[in-house]
Every structure is written in C-alpha cells, then in structure tokens.
Amino acid sequence: MNRYDFRSVEEKWQKYWDEHGTFRAKDDKSMKKFYALVEFPYPSGHGMHVGHIKAYSGLEVVSRKRRMEGYNVLFPIGFDAYGLPTENTAIKDKIHPRIVTDRNIEKFTGQLKKVGFSFDWSRVIDTTEEGYYKWTQWIFLKMFEGGLVFRDKTAVNYCPSCKVVLSNEDSQGGKCDICHSDIIRKTKEVWYLRITEYADKLLQGLEEVDYLPNVKLQQQNWIGKSTGAFVNFKIKENGEELRIYTTRPDTLFGVTFMVIAPEHPIIEKYRDSIPNIKELDDYRSECAKKSEFERTQLVKDKTGVKIEGITAVNPLNGKEIPVYISDYVMMGYGTGAIMAVPAHDSRDYDFAKKFGIDIIEVIKGGDISKEAYTGDGEMVNSGDLNGITNKKDAIEKVIGILEKLGCGEKGVQYKMKDWAFNRQRYWGEPIPIVHCPQCGMVAVPETELPLKLPPVENYEPGTDGESPLAKIESFVNCKCPKCGGDARRETDTMPQWAGSSWYFLRYCDPHNDKEFASQEALKYWMPVDWYNGGMEHVTRHMIYSRFWHKFLYDLGLVPTSEPYAKRTAQGLVLGSDGEKMSKSRGNVIDPNEVIEEYGADVLRLYVLFMGDYEKAAPWSESSIKGCKRFLDRIWGLQEILTDGEEYGALRSNFHKTIKKVTDDIEAMKFNTAIAAMMALINDIYALGSINKAELKTLCILLNPFAPHITEEMYNINFGGILNEQSWIGYDEALCRDETIEIVIQVNGKIRTKLNIVPDSDKDAVLEMALSDDRVREVIDGKNIVKQIYVPNKLVNIVAK
RNA sequence: GCCGAUGUGGUGGAAUGGCAGACACAGUAGACUCAAAAUCUACCGCAGCAAUGUGUGCGGGUUCAAGUCCCGCCAUCGGCACCA
C-alpha cells in the first residue's frame with residue numbers, strides 16, 4: 001500500500017465537490033431541513049486565522065453528519081466585508097476598498113476551500129455588493145418608517161484614532177473595539193436606532209431559545225433590566241419637580257441628600273437663581289474633560305458640589321434636603337438624578353462621609369457607623385413602614401403611598417442604550433436619508449435603492465468627525481424626494497454591524513432581486529437551527545441581529561420571532577505559550593502552513609481534538625503529530641483488510657464507538673468522539689485485522705472530521721461517494737460485552753475485580769465476592785454491616 | 001465591587017456520585033536500520049524492591065462510596081462596572 005499522499009487526495013476531492021456542487025442545499029422542500037450557521041468572516045488582509053478553522057469545524061462536523069442522516073442541510077458562508085481595516089489598507093496603499101475587498105475575499109475563499117469545508121458555495125454573500133446592501137438600506141428605511149430611527153445630539157463615544165462615533169456596544173470598557181484606543185466623550189448629533197424599544201422583547205425572547213447559559217446571562221446583563229420606582233421631589237424655591245429613579249423606594253425615609261448628573265438640564269433652567277453657579281460651571285467643565293477611563297477607573301474618590309438656592313422636599317415626610325451635582329450620577333441612566341440614602345448604599349455612603357451629610361438608618365441589621373448596609377431587616381425611622389421586615393412588602397407599600405400622593409410610580413429601567421448607528425467613514429452602506437430644509441428628514445425612495453457609494457479620490461476621514469462623503473458635492477447635493485426642492489444627502493455610513501444583522505435571512509434566498517428573501521424560502525429555512533460563533537459577539541452582533549429580526553417579525557416579514565434556535569460558542573485557540581494569539585507576541589499559527597505540512601484533515605482533526613470545544617486551548621506543535629499518526633494508521637488499515645459483511649470480534653466495540661461518536665457530535669464533545677475512534681483503531685491493530693463492513697463503518701464515522709481521506713478510502717474499497725451514504729446506526733443491546741469486569745471493594749477500597757455476566761443476580765455476585773480469597777482476608781474477624789451492589793459496576797462490603 | 005467559569009500527571013485533556021488519569025503529546029527501554037527519520041512493542045501520577053500507601057487548588061462536611069454534592073477559603077480567566 002502506498003503512503004497516504006494528502007496533497008493529491010485533498011485536491012482531488014475538493015475539485016470533485018466543487019464541480020459537483022456536492023454540498024449545495026437542495027430545492028426539495030419536502031425534506032426535513034437543517035440550517036447550520038457560522039459567523040461569516042471579515043475578510044482581512046491577513047487571511048484566515050486558526051481560530052476561524054476551529055469556529056467553522058464544529059458545525060462542519062454536525063452538517064456532514066446531518067446530510068448523511070437525510071436532512072436537507074443549509075450550511076452557508078459569506079463575507080462581512082464593510083469595515084475600517086479594509087478602508088485603512090485602501091488609504092495606506094492607495095487602492096480602492098472595492099479592490100482590496102475583492103482581493104481579500106478571493107484569498108479567504110481559496111483558504112476555506114483548502115480546508116474542505118462543506119459550505120454551499122452557490123449562496124455566498126458579500127455585504128458590500130449592491131444586490132446585498134440594497135436590502136440593508138431597505139430594512140433601515142423600514143425602521144425609519146417605523147419610528148425606530150432618530151437623530152440626537154448628546155455626548156457620544158468617539159474614537160480619536162479611527163475618527164468615528166462608536167455605539168456603546170463598540171466601546172465596551174472605554175476602549176475602541178477596532179483599534180483599542182481610549183475613547184473620549186464628544187457632543188455630536190448622530191443617528192440612533194431605538195433598540196431600547198425592543199429591550200423587553202429581547203429579554204423575553206431568551207426564554208424560548210436554546211443558548212449556552214453563559215450566552216443568555218451575558219445578554220441579560222447587557223440588557224440590564226431593573227425594577228423600581230420613579231419619585232418626584234418638589235423643589236422648594238420654584239415648585240419644579242425633580243424626578244428620580246430608584247430600585248430601593250423602601251429606603252425613602254433615609255434620604256438625606258440628592259445628586260444630579262453634571263449634565264442635568266435643571267441647572268441651565270435655573271442658573272440665574274443659583275448663587276454658586278460659577279463653582280458648578282467649573283465642576284461641570286472639569287467633568288466634561290474627563291475621559292471615560294478617568295470617569296470609571298477613579299471611582300474611589302467622590303467629588304461634587306452642593307447646589308445653593310435649590311432645596312428638595314421629601315414627598316413622604318416633607319423634610320428639606322440638599323441637592324448636589326456629582327459625576328457619579330450619569331445622565332444616560334434613569335433620569336440623571338438620584339435620591340441618596342447613605343445608610344443603605346455604599347456610593348451614597350462614601351459621598352455623605354466626604355461631605356459630612358447625615359446618615360439615617362432605616363433598615364436594621366448593619367453597622368452604619370462603619371459602612372452602608374444593603375441587606376434586609378426590620379424597617380425603622382420610616383413612619384408607616386416601621387416594623388416591616390420584608391423588602392418586597394416595604395417596596396409595595398411605599399409605591400402605594402406614592403401613587404396615592406401622586407408623586408411617584410413603579411418603573412423599569414434598562415442599562416442597554418439606544419444603538420449609535422453611524423460611521424463617519426467611506427467603506428460602509430450610505431444611510432439613505434435626505435435632509436430637506438422644507439420637509440426635514442426624508443427617506444430615499446425604495447426605487448432608488450441601492451443608494452450607491454460614489455467614487456471618491458480620497459477616503460481619509462475629516463478632522464472633525466465628518467465623513468469623506470461630505471466632501472463630494474455631486475453626492476451631497478440632491479433634490480428632496482418629497483417636495484423636489486434642493487436638499488442635502490446624509491453623509492454618514494452605517495456601522496460595521498449593519499450587514500451582519502440580517503445576513504442569515506439572505507442565505508435562505510441569496511439571489512432574489514425582488515425581496516430580501518422570499519417568504520417561501522424563509523418559511524422553509526428559518527429559524528437557524530444551530531448557530532455557532534465567538535463569545536465576543538454575544539453582546540454586539542447577537543443582540544443587534546435579534547433586534548432587526550424581531551422588528552421584521554413585527555412587520556410580518558419573517559416567520560419566526562427569534563432568528564436562532566440554538567447558539568453555542570467555541571473557545572479560543574491560544575498560542576503555544578498559552579497566550580492569546582497576536583502578531584506582537586509572535587505566537588500566531590498560520591493555517592496555510594499547517595495544511596502544507598500535514599494536510600487539511602489533520603488540521604481539522606487537531607482543532608477539534610485539542611480540548612473541550614467550548615474552552616480555550618493552547619496550540620501544540622507536537623500534539624498535532626498525534627492526529628497525523630492517527631490518519632496514517634487509518635490509511636494503513638487497508639493493509640490488514642479482510643472480506644466480511646458482518647462485524648467480527650470487535651462487534652460490541654464498534655457499536656459502542658458508533659454510539660459514542662453519534663452522541664458526542666451532538667454534544668459538541670468532538671475531542672472524546674475522536675478519542676473513541678483512536679481507541680477503536682488501537683484495538684483493531686491489536687487484533688491484527690479489519691473486515692470490509694468494519695472499514696465502511698469507520699469511513700462513515702470519521703468522514704465529518706476528516707472528509708478527504710475517508711472519501712478516498714471509501715471510493716477505493718467500495719466505490720461511490722461517501723457523502724451519499726447514510727449515517728451508521730447502532731444497537732444498544734450490542735454495545736454490551738459478554739462479560740464485564742466489576743470492582744469489589746471492602747470499606748470503599750478496591751480489593752479485587754471479578755468478571756461476571758452482565759445483569760447478574762445480586763446474591764450470586766455477592767457470594768462470589770465474599771468467597772474471594774483476597775476479600776476474605778480483609779474482612780476476617782469483622783462483622784459485615786452492609787453490602788452494596790451496583791449492577792454491572794461494583795460491590796462494596798462494609799465491615800467493622 | 002458585582003456576575004459567571006475554571007483549578008486533575010512533565011503537557012493538552014478524559015471520567016451519568018461507583019476502578020481517577022480514557023485518548024494524545026512528551027519521556028524511558030527495546031525491535032527494525034550501517035546510521036538517522038519513520039514505524040512497531042513495552043513502560044510511563046508520586047513514594048516504595050515489593051505488598052502496599054498516597055493522590056484531582058486549600059480547609060471542613062454529607063455518603064457504603066466525592067474530581068463530581070454542600071459550606072468556607074485561595075488562585076486564574078472571562079464579562080459588567082459609580083446602572084442609583
């Protein structure tokens with residue numbers, strides 16, 4: 001037998017699959033469907049990363065198995081190609097981003113095909129193609145019509161390096177998601193999508209989907225629902241109402257001061273009646289200068305200024321309380337004002353200590369001379385609430401009182417903010433809106449979509465957060481679609497996440513030029529049955545796309561309320577030093593080089609064998625050799641091949657392995673599935689032969705993991721194409737051996753082992769155990785207190 | 001600070017409360033070879049010649065039996081972070 005030449009074999013089958021469209025989803029809508037989705041890559045200039053290989057290999061295995069199980073499988077791939085890195089390359093190398101994108105997509109396509117992934121290449125999508133972004137713009141306009149798009153001038157997250165405004169999701173931790181620079185606050189009028197309107201639906205929807213617990217949790221935390229109450233405090237001097245949000249209305253009697261955010265509008269409104277307005281202004285401008293980093297990292301030291309000439313009145317007891325401004329209260333959450341209860345909130349406590357404000361205990365149980373007490377306890381100093389010991393009861397009662405007084409009510413708040421939906425850059429979908437001096441913001445008519453990106457000389461962003469499109473007069477100047485008068489086009493483009501917010505819908509019907517996808521196709525394919533991707537997308541892409549999908553669902557344009565029925569996530573591939581792969585650390589593994597040296601099958605096998613799929617695992621140059629040896633041994637089986645249509649001596653072994661591999665693939669326990677096949681191979685070699693029936697089974701079992709070598713072996717020994725075969729079944733009854741070894745323990749310690757027939761009678765086994773020399777020796781002179789028999793597992797004799 | 005996850009040989013990692021270390025890497029010895037690579041065979045947690053003892057981050061507990069369950073710590077990683 002020749003040595004296995006992976007180069008020619010892999011090339012041969014990749015060509016075959018490509019030419020025959022082997023993995024195209026079928027048109028047959030009578031078949032049961034399976035829609036497997038992996039996160040489409042951003043085609044960067046660096047080419048693919050081993051992380052991509054691991055990310056796609058999981059559902060690749062599942063998809064290949066599903067096809068053999070008779071499903072009509074949709075396993076698509078595409079390119080999320082709008083984005084800053086491409087644009088930056090274009091600027092640096094003075095090439096049009098279109099050319100850069102096409103070049104990168106070509107590179108990625110070549111690499112993906114070299115791995116032998118069973119994607120449906122007839123459905124490739126590219127978010128930057130006119131036929132695609134036409135519908136991205138179309139959905140945006142539907143949102144515009146639906147009142148979910150608005151412009152607002154507020155403090156935004158701005159990346160000074162990328163020169164773009166970022167959403168909250170894109171500036172997590174105060175860092176730019178693209179270049180990791182510190183972001184700054186900047187007041188600017190930008191576009192928003194009203195995702196908060198869907199906050200509750202996004203939260204509710206999590207109850208009906210099968211996501212990894214951690215994925216659900218992160219989304220819940222990100223949405224950040226809290227329940228509490230709004231309370232209106234009268235301002236003594238002018239009768240104005242200062243409205244606050246609190247989750248602890250039960251502590252209302254403990255309020256000793258109030259705090260408003262530096263940006264709170266009440267200051268502007270009454271600045272003339274505030275004697276220390278200069279001091280306030282100084283503090284406010286100081287806060288405005290602070291970066292996000294300073295504002296969040298220097299949390300320990302509370303700063304603030306008391307507002308003179310403004311006194312609030314507690315609606316429950318009429319007590320007069322001072323009002324401060326401080327940057328520990330944010331304008332963007334709740335009402336931008338809080339009631340401060342230092343006895344029962346640690347931040348208020350710190351502030352009160354620093355400014356010498358009273359601390360009044362209203363809940364017993366802590367020592368408020370030392371720290372704030374946030375636990376439960378009996379209410380004191382609280383008028384009608386005194387004596388209540390249950391927080392829930394106290395909250396209910398207070399809200400009742402507030403409602404009766406007409407100065408407060410129940411309330412709900414979300415941490416999630418509206419989605420800042422814009423980039424001041426070239427390489428993105430133009431926002432299809434026209435600003436008309438007469439009509440205001442007007443949608444570009446549907447017939448004019450796609451609103452194409454105009455050719456430009458220079459992609460450099462403007463210095464003051466202006467899009468390069470703003471410099472192109474021919475693009476900017478237009479007629480208002482409504483009144484026909486002179487108008488100006490919007491010049492911001494959409495953020496990176498727009499195109500990926502609905503791509504899973506386009507895959508269902510990628511060449512449709514009448515609709516974003518036909519209802520027929522959507523009804524058949526949606527929802528995505530299984531979506532796998534990275535944890536880093538859980539609070540960005542996942543939330544955004546669920547939002548778009550739910551919006552389309554409300555319009556009756558998609559058949560399911562949730563896009564993804566199931567979501568899993570792969571762990572990172574770390575460098576061999578155990579650190580995250582990065583160019584600066586020099587620990588990056590190039591998948592191309594691995595394929596060159598070992599072949600695609602080895603690479604696929606190794607990324608799945610290296611550890612628990614969901615956990616991070618370090619790359620090991622030497623461990624990968626184990627996978628190489630395994631495949632060489634698989635190939636070598638052909639040398640010890642005998643005839644035979646039935647399983648031989650290893651029958652139960654085969655049944656067990658089929659069961660193990662079948663179950664483990666579903667549970668994404670690919671590492672143990674591979675280990676089981678390795679163990680079986682070891683047994684076969686120990687036995688010295690394999691017959692045809694057994695080899696056929698092995699080819700099928702291993703095919704999803706190592707498709708090239710198995711396709712070749714199948715073709716040589718049996719003829720035909722493996723992909724057209726059925727997944728192999730097993731017989732539960734035959735998974736058992738004829739005799740099994742059980743453990744005999746005395747007082748929990750193993751003393752001997754016995755071979756018994758499965759499901760032997762308890763008494764018979766106990767008798768065997770007790771008559772064993774070794775056992776008798778240990779229990780000699782002791783009383784048997786207890787005898788435990790776990791069928792087919794062990795006997796434990798307790799003797800004293 | 002809050003939330004979550006993880007902690008097992010020299011290494012990556014296996015173990016529905018029931019033989020800890022499957023499978024693999026590395027290592028040791030041997031076979032083949034002029035030699036090397038490749039391949040094959042055997043060994044391979046620690047202590048001990050052995051019988052045996054001991055061992056899953058640390059300290060308790062439940063149980064006939066704990067890596068697994070409970071309580072309290074420690075460490076590492078991830079997410080959120082002045083969210084009222």
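Remember, predicted model here, so these are calculated numbers, not experimental data. Order of the sequence lines fixes the chain letters, A, B, ..., with proteins taken first and strands second; residue numbering starts at 1 for each chain. When reading the values below, keep in mind they use all heavy atoms of this one structure, side chains included, and skip hydrogens, waters and symmetry mates.
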Report summary line: The glycosidic conformation of B/rG9, counting syn as within 90° of 0 and anti otherwise, is syn
Query raised in the report: Where does the angle between the aromatic ring planes of A/Trp497 and A/Tyr544 fall among parallel (under 30°), tilted (30 to 60°) and perpendicular (over 60°)?
Result: tilted
Query - C1' gap between B/rU56 and B/rA51, integer Å - result: 26 Å
Query raised in the report: Using a distance-only test with no angle check, is there a side-chain donor-acceptor pair under 3.5 angstrom linking A/Asn157 and A/Asp170?
Result: no
Requested in this report: Return the nearest nucleotide to the side chain of A/Ala679; candidates are B/rC19, B/rA84, B/rC23.
Outcome: B/rC23
Report task. Provide the distance between the two P atoms, one in B/rC23 and one in B/rG17, to the nearest whole Å. Result -> 22 Å
Requested in this report: In whole angstrom, give me the gap between the C1' atoms of B/rA35 and B/rG27.
Outcome: 22 Å
Dump the pairs, protein N or O against N or O of nucleotides 38-46 of chain B, anything under 3.5 Å, distances to one decimal.
residue : atom : partner  : partner atom : Å
B/rU39  : OP1  : A/Arg629 : NE           : 3.4
B/rC40  : OP1  : A/Arg633 : NH1          : 2.7

Query raised in the report: A/Asn671 side chain N/O closer than 4.0 Å to the phosphate oxygens (OP1, OP2) of B/rA14?
Result: yes
Query - Carboxylate-amine/guanidinium proximity below 4.0 Å for A/Asp772 and A/Arg774 - result: no
Query - Along RNA chain B (nearest heavy atom to each residue), the more 5'-positioned of A/Arg751 and A/Lys660 - result: A/Lys660
**Report entry** Cation-pi geometry met for A/Arg633 and A/Tyr685 (6.0 Å, 45°)
**Finding:** yes
Query - Check: A/Tyr324 ring centre within less than 6.0 Å of A/Phe355 ring centre - result: yes
Report summary line: Quick note, A/Asp345 side chain, CB onward, closest among B/rA84, B/rC3, B/rA14 is B/rA84
Requested in this report: Could you tell me whether A/Asn214 contacts a base, only the sugar-phosphate backbone, or nothing, with contacts defined as non-hydrogen atoms closer than 4.0 Å?
Outcome: sugar-phosphate
Query raised in the report: Distance-only, no hydrogens or angles: does the A/Lys628 side chain make a donor-acceptor pair with backbone N or O of A/Gly599 under 3.5 Å?
Result: no
Requested in this report: Just compare B/rG13, B/rA15, B/rC23 and give me whichever is closest to any side-chain atom of A/Pro618.
Outcome: B/rG13
Requested in this report: Taking only the side-chain nitrogens and oxygens of A/Lys669, find out if one of them lies under 4.0 Å from OP1 or OP2 of B/rA15.
Outcome: yes
Query raised in the report: At under 4.0 Å between heavy atoms, what does A/Asp348 touch on the DNA or RNA strands: base, sugar-phosphate, or nothing?
Result: nothing
Report task. Scan A/Ile788 against the nucleic acid and name what it touches under 4.0 Å (heavy atoms): base, sugar-phosphate only, or nothing. Result -> base
Requested in this report: Using side-chain contact (heavy atoms from CB on, under 4.5 Å) as the criterion, point out the one residue from A/Val798, A/Val746, A/Leu770, A/Leu766 that pairs with A/Ile784.
Outcome: A/Leu770
Report task. Using a 4.0 Å heavy-atom cut-off across all strands, classify A/Leu794 as base, sugar-phosphate, or nothing. Result -> base
Query raised in the report: Is there a donor and acceptor pair, one atom on the side chain of A/Lys302 and one on the base of B/rC82, closer than 3.5 Å?
Result: yes
Requested in this report: Sticking with atom C1', work out how far B/rA75 lies from B/rU62, rounded to a whole angstrom.
Outcome: 26 Å
**Report entry** side-chain N/O A/Arg774 vs B/rU52 OP1/OP2, d < 4.0 Å
**Finding:** yes
Query raised in the report: Looking for any heavy atom pair under 4.0 Å, which part of the strands does A/Lys225 touch: base, sugar-phosphate only, or nothing?
Result: nothing
Query raised in the report: Where the side chain of A/Ser622 is defined as all heavy atoms beyond and including C-beta, which of B/rU52, B/rC25, B/rA15 is the nearest nucleotide?
Result: B/rC25
**Report entry** Rounded distance in Å between the C1' positions of B/rC49 and B/rU63
**Finding:** 38 Å
Query raised in the report: What distance, rounded to whole Å, do you find between the two C1' atoms, one in B/rA14 and one in B/rG67?
Result: 12 Å
Query - Pairing nucleotide - B/rU56, Watson-Crick or G-U, each distance under 3.5 Å - result: none
Report summary line: Comparing nearest nucleotides in RNA chain B, the 5'-proximal residue of the pair A/Asn747, A/Ala676 is A/Ala676
Requested in this report: Give the ring-plane orientation class for A/Phe351 versus A/Tyr328, where under 30° counts as parallel, over 60° as perpendicular and anything between as tilted.
Outcome: tilted
Report task. For B/rG18 and B/rC69, measure between their C1' atoms and round to the nearest Å. Result -> 14 Å
Query raised in the report: Considering every strand shown, what is the Watson-Crick or G-U wobble mate of B/rA29 when both distances are under 3.5 Å?
Result: B/rU41
Report task. Give, for atom CG of A/Leu212 and atom NZ of A/Lys216, the distance between the pair rounded to the nearest 0.5 Å. Result -> 10.0 Å
Report task. In whole angstrom, give me the gap between the C1' atoms of B/rG57 and B/rC77. Result -> 15 Å
